[in-house]
**Q** 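Below you'll find the structure I mean.
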Amino acid sequence: MGKRVYEFAKEQNVTSKQVITQLEKLNKPVKNHMAVLDEESVKQLDRIFNPEKYRAAEQKAAPKAATEQPKEQPKQEKKEAPKTRQAAPQGNQSNRGGSNRFGGNNRNDNRNKKRGKGKGKPAKAAIPQEADPNSKTSQRKAARLAQEAEMGNVIKYEDVLSVSDLASKMNKKPNEIIMKLMGLGVMATINQTLDDETIELLASEFGFEVEKEVVVDEIDFETVEVDFSEYDLEERPAVVTIMGHVDHGKTTLLDSIRNTKVVAGEAGGITQHIGAYQVQVNDKKITFLDTPGHAAFTTMRARGAEVTDIAIIVVAADDGVMPQTEEAISHAKAANVPIIVAVNKMDKEGANPDRVKQELTEFGLIPEEWGGETIFVPISALQGEGIDELLEMILLVSEVEEYKSTPDMPARGTVIEAKLDKGRGPVATLLVQHGTLRIGDSIVVGSTFGRVRAMVNDIGRRVKEVGPSTPIEITGLNDVPQAGDQFIVFEDEKKARAIGEKRYQRYLESQRRESAKVSLDDLFSRIQEGEVKDLNVIIKADVQGSAEALAGSLRKIDVEGVKVNIVHQGVGAITEGDVILASAANAIIIGFNVRPDGNARSMAEQENVEMRLHRIIYNAIEEIESAMKGMLDPEFVEEITGQVEVRDVFKVSKVGTIAGCYVTEGKISRDAGVRVIRNGIVVYEGKLDTLRRFKDDVKEVATGYECGIKVEKFDDIKVEDVIEAFVMKEVERK
């Protein structure tokens, strides 16, 4: 069996791209770097990349080629030389025909020009007969006059022109323009604006050409294509998106690459929002986007595919192709990016990689060993097997595709995630796609703006600047942007602020139009359906991406007679304002990974506003869908029994962290479940380990008393944290 392209390139210490280019020159094109080379192709390539082996044979033919080349060049010089000599006498003859080549007549010409000033521009364009056309002064003058004559016949304008504006550009009187319009059957005043066709028609009547300049609206900077012609392009890291079905091992695969435990911080081992990480392999960087695998995150996965260069589809060898696997393939194909299939869980007993390959052929992903172009890599993310081969394939694909950008231009890219932090304010995770982002840059992000105050990379270190294909977390924006928004850096801070404010106003107007817009088709469908009930919902989540994904999933719920109406969605804790809005709109509040504060909970009880709080997103979706279908019969209901405020923290060796607390509301029991809330965000949920009053273990502590609490398997308690106690009560089915 012959060698593969990348194996031969590795032996010769060259890139796979260079080998593929040489094969194309030899009329032996290949599809990609995984193609197999025959022996003849290997010999030909070896001759190209190792000329020393064949230098003895080439040296015999080299003297002949060396003696032929010098003979032709002198002949060309001799043939061209007479032409240059003949050009000079012609110029001298024209000078002799003039009265004086040293400027004697130039004074007379200047006097004539002064006398005839204002009698028309065409006279200026003619070169005086007495002037020497070969002198530098005359040549510069002729070029300038020719340019003026050419520019003088072209009318340039941006938006619209009035009659007076057009007259001034053509050096005509407005009355002449009005008379010409009357001749064309158009009655116009001096201040009336003209359309493009009329301007072009009038200009042609007076011998002018029209050129309308297209003004680039910087407010819509997303639609402006990046012009790289002014910059030197450099190689940039590939952006890789890991996609696939839930629980097929995407985050575990990323853990094996990063040697960290992302799963430990995720509820139920499921990634709840998008993350961006950068790793270094063989002195080359790779940027990974970790998109969640559940169907609820379709929009987030699509956003990941839009900014990615390479898509890795993770499929479990013991499970095969699932619905979310199909969605991931569709998004990757829509983004038109190379696909690498990672067949995971090869260490399990029921692993069947051939079945996975067979199933994926239905979606056009055919393995190379079966005559296709898709790279399949068997791995075990848990055991760390096959990871090096997968990374090597990523580097090979990026080498062949030649991903390039420039660090010299103002930075621009995409928002990966955004949230509201109580201490730092709006925080956005950005992926810089082009240019360099620096601290202090004036930036417009979607409908928000600001200056970059601080930048933290994916491993938590502060940095001053980052280049292309780098994920970074920034602070300094005036509001929380939407996940998936584009951003761009402006040199002028005032300009950035003005554009940001205009974009925000336009965003508000579009929101109002959407809420007030009713089409005839929609009206007719409502009449056909009869009485349509709307389920009003307010969504609050810990990050923007989760809120967006939950809203998108709820809108897709199709139940006859009921429609989900998202009244509001946002990030951060549930506040009194959210309860007031829910009361006015007769809506329920869905909290994802967030909790209400004490005032919000009290107001919700007074206003009879229902709040549903979840940590797993598909539980929230199933609950709403069941309620809409009339099948929601809960067996257990959560009841909040009390709230405790952490006022001091004590660290005891061999015991852990003890929280000195004060019961602010209700009571806390020894057998109650607890959740630790920090700035309105749930950071841990579990059970109590110990509950003490002074040195005694107690069963419960009531409002107004102090106590010591040790939370089971959690030591990261901080001052001002809130510990919420709850019990699950069984409710009879109705």
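As a basis for the values below, the full set of heavy atoms in this structure was taken, side chains included, without hydrogen atoms, waters or symmetry mates. For this chain, numbers begin at 1 and follow the sequence in order. All of these numbers come straight from a predicted model, not from anything done at the bench.
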**Q** Taking all heavy atoms of T406 and all of M409, pick out the closest pair and write down the distance.
**A** CG2-SD, 3.7 Å

**Q** Hydrogens and angles aside, do Q433 and S405 bring a side-chain donor and acceptor to less than 3.5 Å of each other?
**A** no

**Q** Once rounded to the nearest 0.5 Å, what's the spacing between atom NZ of K357 and atom OG1 of T374?
**A** 11.5 Å

**Q** Give me each pair satisfying ring pair (Phe, Tyr, Trp, His ring centres under 6.0 Å) with a member in residues 425-468, each pair once, sequence neighbours excluded.
**A** F228-H434

**Q** Is the closest basic N to carboxylate O distance between E399 and K17 below 4.0 Å?
**A** no

**Q** Give a yes or no on whether a salt bridge exists between R678 and D716, defined as a side-chain N under 4.0 angstrom from a carboxylate O.
**A** yes

**Q** List for me each residue that meets side chain to side chain donor-acceptor pair (under 3.5 Å) alongside S442, sequence neighbours excluded, and say none if there are none.
**A** none

**Q** Just by distance, with hydrogens left out, do H245 and E326 show a side-chain donor and acceptor under 3.5 Å apart?
**A** no

**Q** Quick one about D38 and S41 (side-chain donor to acceptor, distance below 3.5 Å, no hydrogens or angles considered), yes or no?
**A** yes

**Q** Could you please spell out the steps behind the side chain to side chain contact (heavy atoms under 4.5 Å, CB included) verdict for T436 and V466?
**A** CA-CA 6 Å; T436 301; V466 290; over 6 Å; no

**Q** Using a 6.0 Å cut-off, check whether atom CD of E11 has over 12 heavy atoms from anything other than its own residue.
**A** yes

**Q** So, T21 versus E24: side-chain donor-acceptor pair below 3.5 Å or not?
**A** no

**Q** Under the side chain to side chain donor-acceptor pair (under 3.5 Å) test, which residues partner Q569, sequence neighbours left out?
**A** none

